[in-house]
Amino acid sequence: MAVTRRSILLTLLLIAPLAWGLLLLYARFVPPHTFLAFICFFALLALALASTLTPVAYALGSRLFSLHIYQATLRHAARQAILLTLIVLFNLILSALHSWNIYTSLAILAAAVVFEILALARK
């Protein structure tokens with residue numbers, strides 16, 4: 001049985017609300033006193049963000065960039081969603097460690113942009 005693009009998108013659209021619900025329940029009932037609690041919170045947040053942003057990036061990429069130069073694929077959308085997720089997570093982790101400032105945020109964003117440019121150039 002072949003896995004189609006539509007089935008992957010539907011699966012992600014089912015995972016996203018479940019992940020956000022789990023994150024909400026986890027944040028409500030688990031106190032953030034241990035290191036493991038922080039790891040679980042950020043893992044749930046990463047799952048929720050990635051599963052939400054992948055269909056959004058795919059829809060925006062296929063609608064906005066209908067050129068033949070850039071063909072929106074699910075793999076590109078997943079890579080972009082993971083990059084956005086990592087940007088958010090790294091900034092939140094630095095904020096939780098009281099180490100966040102605008103310069104580190106810009107450095108994280110610049111690294112993600114360079115990675116995306118290199119990934120598109122490799123194509």
Side-chain angles (χ1 to χ4, degrees):
M1 182 167 106
V3 179
T4 62
R5 180 180 36 213
R6 177 177 278 174
S7 65
I8 293 172
L9 287 173
L10 287 175
T11 303
L12 286 172
L13 288 173
L14 289 174
I15 290 173
L18 291 175
W20 285 110
L22 283 174
L23 183 66
L24 179 68
L25 288 174
Y26 187 83
R28 172 70 177 101
F29 292 114
V30 177
H33 294 301
T34 64
F35 183 68
L36 185 60
F38 279 110
I39 290 175
C40 290
F41 174 80
F42 284 116
L44 283 172
L45 181 62
L47 176 66
L49 281 173
S51 62
T52 302
L53 291 175
T54 300
V56 171
Y58 181 74
L60 285 175
S62 63
R63 299 288 187 256
L64 293 179
F65 304 113
S66 62
L67 302 172
H68 293 291
I69 297 168
Y70 177 81
Q71 293 179 349
T73 63
L74 199 54
R75 178 174 283 173
H76 292 169
R79 184 186 64 235
Q80 291 167 352
I82 290 171
L83 277 174
L84 287 172
T85 299
L86 288 175
I87 290 170
V88 170
L89 284 180
F90 288 154
N91 282 305
L92 286 175
I93 289 170
L94 287 173
S95 179
L97 296 173
H98 304 291
S99 298
W100 185 90
N101 62 37
I102 193 69
Y103 302 115
T104 57
S105 179
L106 290 174
I108 292 168
L109 182 64
V113 167
V114 167
F115 182 80
E116 181 64 20
I117 289 171
L118 290 175
L120 289 174
R122 187 185 68 178
K123 179 183 159 187

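- Annotation: side chain of L49 is not in contact with side chain of L84 (no heavy-atom distance under 4.5 Å).
- Closest heavy-atom contact between F41 and Y26: N-CE2, 3.7 Å.
- The OG1 atom of T104 sits 6.5 Å away from the CG atom of N91 when rounded to the nearest 0.5 Å.
- Proximity of T54 to L74: side-chain heavy atoms (C-beta onward) are separated by under 4.5 Å at one or more points.
- Here the closest non-hydrogen pair linking I108 and I87 is CG2-CA, 4.0 Å.
- The hydrophobic cluster containing L53 does not contain L24, counting ILVMFWY residues as joined when their side-chain heavy atoms lie under 4.5 angstrom apart, directly or transitively.
- Residues satisfying the side chain to side chain contact (heavy atoms under 4.5 Å, CB included) test with T52, not counting sequence neighbours, are A16, W20.
- Residues Y103 and F90 share a hydrophobic cluster, clusters being chains of Ile/Leu/Val/Met/Phe/Trp/Tyr side chains in contact below 4.5 Å.
- Contact annotation: the side chain of R6 never approaches that of L9 to less than 4.5 Å [non-hydrogen atoms, C-beta and beyond].
- Contact annotation: the side chain of P32 approaches that of F38 to within less than 4.5 Å [non-hydrogen atoms, C-beta and beyond].
- Rounded to the nearest 0.5 angstrom, L47 CG and L18 CG are separated by 9.5 Å.
- H76 NE2 to E116 CD: the interatomic distance, rounded to the nearest 0.5 Å, is 8.0 Å.
- With a 4.5 Å cut-off on side-chain heavy atoms, Q80 and Y58 do not count as touching.
- Distance check: L92 CG to L45 CG gives 6.5 Å after rounding to the nearest 0.5 Å.
- In this structure, A37 and P31 approach most closely via the heavy-atom pair CB-O, 3.9 Å.
- The hydrophobic clustering, which links ILVMFWY residues whose side-chain heavy atoms are closer than 4.5 Å, places F42 and L36 apart.
- For the pair A50 and T85, the tightest heavy-atom approach, listed with the atom from each and the gap, is N-OG1, 3.5 Å.
- I102 and L94 fall within a single hydrophobic cluster, where Ile, Leu, Val, Met, Phe, Trp and Tyr side chains are chained together by heavy-atom contacts under 4.5 Å.
- Between the CG atom of L89 and the CD1 atom of I82 there is a distance of 11.0 Å, given to the nearest 0.5 Å.
- Between the CH2 atom in W100 and the OG atom in S105 there is a gap of 5.0 Å [rounded to 0.5 Å].
- Criterion: ILVMFWY side-chain heavy atoms under 4.5 Å apart, direct or through other members. Under it, L86 and L106 are part of a common hydrophobic cluster.
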